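I have a structure I would like to understand better, so I am pasting it below and will then ask my questions one at a time.
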Amino acid sequence: MDINIIKNIDYHIINNTGNAAKIAKQMGITERCVYKYIKYMIVDLQAPIIYDRIHKRYIYLQKGKLIIKYIIE
């Protein structure tokens with residue numbers, strides 16, 4: 001997984017960019033890649049992402065932040 005793609009998709013979800021096709025076009029990646037990363041974000045990063053069929057876009061169900069960093073224990 002590419003962290004920059006995850007950050008970029010997060011940005012597009014926050015800014016109500018739209019569906020996978022629109023996000024893919026703006027990012028210069030395939031629609032299939034967007035689906036793969038969104039699934040990863042939901043399953044592995046536990047991001048509360050859903051597809052809003054009325055507005056035809058991905059949204060977060062809850063307000064929050066996606067933080068990816070190394071923490072020293």
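Because the structure is a prediction, the values reported are computed rather than measured. Starting from 1, each residue takes its place in the sequence as its number.
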Minimum side-chain heavy-atom gap Asp44-Met1 below 4.5 Å:
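Result no, sub-4.5 Å side-chain heavy-atom pair not found.
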As a quick check of understanding, evaluate side-chain contact (heavy atoms from CB on, under 4.5 Å) for Ile13 and Arg57, giving each step before the final call.
CA-CA 8 Å; Ile13 293 171; Arg57 65 182 182 196; over 6 Å; no
Gap separating the NZ atom of Lys39 from the CG atom of Leu45, nearest 0.5 angstrom
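Between atom NZ of Lys39 and atom CG of Leu45 there are 13.5 Å.
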Not counting sequence neighbours, which residues clear ring-ring contact (aromatic ring centres under 6.0 Å, His included) with Tyr51? List them please.
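For Tyr51 the ring-ring contact (aromatic ring centres under 6.0 Å, His included) partners, ignoring immediate neighbours, are Tyr58.
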Is there a path from Ile68 to Ile42 through hydrophobic residues (I, L, V, M, F, W, Y) whose side chains come within less than 4.5 Å of each other?
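Yes, it is one cluster - the side chains of Ile68 and Ile42 are joined through contacts under 4.5 Å.
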Just wondering, do Tyr60 and Met41 contact through their side chains at under 4.5 Å, heavy atoms?
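Yes, close enough: below the 4.5 Å cut-off.
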Do the side chains of Ile38 and Ile50 join up, straight or via other hydrophobic residues, at under 4.5 Å, putting them in one cluster?
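No, because Ile38 and Ile50 fall into different hydrophobic clusters, even though each may have its own neighbours under 4.5 Å.
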Atom of Ile23, atom of Gly18 and distance for their closest heavy-atom approach:
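It is CD1-O, 3.6 Å.
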So, the side chain of Asp52 versus the backbone of Ile54: is there a donor-acceptor pair under 3.5 Å, distance only?
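Between the backbone of Ile54 and the side chain of Asp52 there is a qualifying donor-acceptor contact (under 3.5 Å).
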Count the heavy atoms of every other residue, nucleotide or ligand shown that sit under 6.0 Å from CG of Leu61, and state whether that count exceeds 12.
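Check passes, neighbour count above 12.
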Check each of Ile49, Asp10, Ile14 against Leu66 using the side chain to side chain contact (heavy atoms under 4.5 Å, CB included) test, and report the only one that passes.
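Of the listed residues Ile49, Asp10, Ile14, the side chain to side chain contact (heavy atoms under 4.5 Å, CB included) partner of Leu66 is Asp10.
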Given Tyr35 and Glu31, is the side-chain contact (heavy atoms from CB on, under 4.5 Å) satisfied, shown in steps?
CA-CA 6 Å; Tyr35 289 127; Glu31 192 174 334; 3.0 Å; yes
Return the CD1 to OH distance between Ile6 and Tyr37, rounded to the nearest 0.5 Å.
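Those atoms lie 6.0 Å apart.
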Working to the nearest 0.5 angstrom, can you tell me the gap between Lys36 NZ and Ile29 CD1?
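Lys36 atom NZ to Ile29 atom CD1 measures 9.0 Å (nearest 0.5 Å).
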Please name the pair of heavy atoms, one in Gln26 and one in Thr17, separated by the smallest distance, quoted to 0.1 Å.
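Looking at all heavy atoms of both residues, the shortest contact is OE1-CG2, 2.9 Å.
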With side-chain contact (heavy atoms from CB on, under 4.5 Å) as the test, would you mind laying out the steps for Lys22 and Asn19 before giving the verdict?
CA-CA 5 Å; Lys22 289 181 183 179; Asn19 60 26; 3.5 Å; yes
